[in-house]
Amino acid sequence: MRKILFIIFVPIFFLGCQKDEVITPDESGLKPPQQKNEIDLIGFAGHDIKAIAVNVKEPNNILISTAKPGERIYISSNYGLSWSIAKDSFYSLCLSFDLHKPSNIYIAHNSGPSYALIPPLLLKSNDYGQTWVSADSGILVGAGERHITTISMDYFNQNFIYLVATANFNIQPSNSFAYFSQTFISTNGGVSFSQDIDINILNSIGWVFVGDFATSNLKTGTIYAAIIGDNNNYDIAESSDFGVSWTAKNIIDNWYSDFIRVYNNFVILKVTDYPRLNKELIYKYKGRILLSKDFGNSFTILDTNLIDYSDVNDMLITPEGYIIFTATLNSDPSKSTIYISKDGGISWQNLVNNDFDSKTLLAYDSKNKFLYVVKDRVNKGLYRIKLN
């Protein structure tokens with residue numbers, strides 16, 4: 001596990017889009033806007049939003065990637081009150097602010113459908129998206145069939161950055177998998193990458209398709225991987241030495257790992273009843289959440305008899321220990337909601353009432369307790385919810 005800055009003034013319905021001087025909270029005294037309703041539209045009405053990232057240290061800085069009506073990367077320096085175009089004619093499924101240097105941004109250049117002929121590319125900005133340089137040294141993947149879908153960084157050591165370049169594989173007549181996912185590591189802060197991470201080196205694991213990475217915020221060098229092993233034998237792998245060696249385990253039979261989230265002692269794994277062919281393409285399948293409260297040693301499945309959901313679109317764990325995910329309802333697949341648990345998954349509640357529009361991506365501002373959520377069908381746009 002992607003060029004000259006275009007400054008274009010584009011109206012985004014009720015929001016004016018302009019190039020602002022990037023101001024950090026300490027310098028400007030910026031205060032976040034007040035929440036007006038239970039869920040507020042803050043921009044990009046009618047747009048297809050493919051990725052979102054909130055700066056952990058400076059949450060007034062927010063990144064958005066849109067696909068329609070235009071492929072662009074937008075950035076806001078004032079909590080979404082206004083937006084500027086940081087990258088034009090550019091489409092990304094994966095955006096990331098550096099955990100250690102808030103002015104640094106990584107964006108993965110996604111090639112569109114899996115058979116497109118544009119190779120993947122990783123770009124980096126050191127100035128909040130005003131200028132960009134190529135950061136794909138050492139990233140060698142097949143054109144069109146692979147693109148970067150995960151950028152994960154070590155919380156303690158700024159030199160270690162991990163990539164998953166991505167999500168395509170074929171099912172052979174023998175029912176075994178031919179895997180094309182590739183994983184990369186940078187040990188010099190993103191100056192260059194290599195394929196030193198190889199989960200396949202464990203003979204007991206065999207061939208492995210890696211869907212996602214997540215790093216521990218408690219232990220440096222600890223990485224969790226959502227994987228699919230030969231004959232579905234494995235669901236998760238863990239390394240405590242920056243990806244040099246791995247242990248893997250089978251958690252649940254006949255389900256396939258999709259993506260993973262980690263914070264403190266919590267590990268959340270999304271599994272599906274059919275392996276994902278491509279991170280961009282959407283198929284009808286069922287999804288379940290597996291929850292661990294002991295660093296991934298044991299898991300329980302979130303029972304659909306106790307909570308109404310048939311699929312999981314995105315999920316996150318907040319520093320307060322809240323577990324949040326967007327879900328399609330099992331009782332009515334045309335409806336979607338946001339579930340939140342404030343007690344480690346013991347009890348759950350709907351975060352918004354009487355709002356069943358399709359909801360996908362999530363991002364969180366822990367300083368101001370703002371949850372950002374994307375709607376992708378009816379009433380498309382970027383929304384914000386204030387958590388109590």
Side-chain angles (χ1 to χ4, degrees), residues 32-54 59 62 64 79-80 95 212 214 258-263 266-272 282 285-291 301-388:
Q34 291 185 347
Q35 188 79 10
K36 298 178 181 179
N37 303 294
E38 185 179 41
I39 179 169
D40 289 348
L41 174 66
I42 65 168
F44 301 96
H47 285 59
D48 287 333
I49 299 173
K50 295 299 184 179
I52 176 173
V54 175
I62 308 169
I64 292 290
Y79 295 99
L95 314 170
D212 196 17
D258 196 3
F259 53 85
I260 192 168
R261 304 288 184 264
V262 176
Y263 203 85
F266 290 107
V267 179
I268 305 179
L269 182 68
K270 179 199 170 181
V271 294
T272 69
I282 300 175
Y285 59 90
K286 295 179 180 179
R288 297 290 184 268
I289 282 182
L290 299 176
L291 173 61
I301 190 168
L302 185 56
D303 193 345
T304 55
N305 292 318
L306 301 178
I307 184 170
D308 184 8
Y309 80 109
S310 62
D311 190 23
V312 180
N313 298 316
D314 198 6
M315 59 192 188
L316 57 78
I317 311 167
T318 74
E320 301 93 343
Y322 300 163
I323 303 170
I324 305 172
F325 70 98
T326 50
T328 301
L329 299 185
N330 188 50
S331 59
D332 186 347
S334 68
K335 295 181 177 180
S336 174
T337 192
I338 307 171
Y339 284 116
I340 184 170
S341 175
K342 297 182 179 181
D343 54 14
I346 297 173
S347 62
W348 297 85
Q349 65 187 61
N350 285 307
L351 191 56
V352 292
N353 297 311
N354 302 315
D355 186 330
F356 297 105
D357 294 346
S358 178
K359 303 170 186 70
T360 54
L361 304 174
L362 295 170
Y364 189 56
D365 167 2
S366 62
K367 289 188 176 181
N368 301 291
K369 294 192 175 182
F370 279 144
L371 179 71
Y372 294 89
V373 59
V374 171
K375 293 186 182 183
D376 70 335
R377 294 181 188 174
V378 179
N379 301 315
K380 291 181 180 179
L382 178 64
Y383 292 78
R384 180 173 54 223
I385 302 168
K386 177 73 171 180
L387 300 186
N388 295 323

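Along the sequence shown, residues are numbered consecutively beginning with 1. Fair warning: this is a prediction, and the values are worked out from it, not measured in the lab.
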Does any N or O in the side chain of [X] come within less than 3.5 Å of the main-chain N or O of [Y], such that one atom is a donor and the other an acceptor?
X	Y	value
Lys359	Ser336	yes
Lys270	Val312	yes
Tyr309	Phe325	no
Asp308	Ser331	yes
Asp40	Ile42	no
Gln35	Leu387	no
Arg384	Gly80	no
Thr326	Thr360	yes
Lys386	Asn368	yes
Asp311	Asn313	no

Does [X] reach the side chain of [Y], with side-chain heavy atoms less than 4.5 Å apart?
X	Y	value
Val374	Leu382	yes
Val352	Val373	no
Ile323	Ile289	no
Pro59	Phe370	no

Rounded to the nearest 0.5 Å, how far apart are [atom1] of [X] and [atom2] of [Y]?
X	Y	atom1	atom2	value
Ile62	Asp365	CD1	CG	7.5 Å
Ser334	Asp357	OG	CG	10.5 Å
Ile52	Leu362	CD1	CG	8.5 Å
His47	Ile64	NE2	CD1	10.5 Å
Phe259	Leu269	CZ	CG	9.0 Å
Thr328	Phe356	OG1	CZ	13.0 Å

Query raised in the report: Of the options Ile260, Val267, Ile268, Val271, which is the one that meets Leu290 in a side chain to side chain contact (heavy atoms under 4.5 Å, CB included)?
Result: Val271
**Report entry** Check ion pair Asp258-Arg288 (N to O, under 4.0 angstrom)
**Finding:** no
Query raised in the report: Less than 4.0 Å between a side-chain N and a carboxylate O, is that true for Arg261 and Asp212?
Result: yes
Report task. Please test Ile324 against Tyr339 for side chain to side chain contact (heavy atoms under 4.5 Å, CB included), starting from the C-alpha separation and ending with a verdict. Result -> CA-CA 6 Å; Ile324 305 172; Tyr339 284 116; over 6 Å; no
Requested in this report: Test side chain to side chain contact (heavy atoms under 4.5 Å, CB included) on Trp348 and Leu302 and set out the steps.
Outcome: CA-CA 10 Å; Trp348 297 85; Leu302 185 56; 3.3 Å; yes
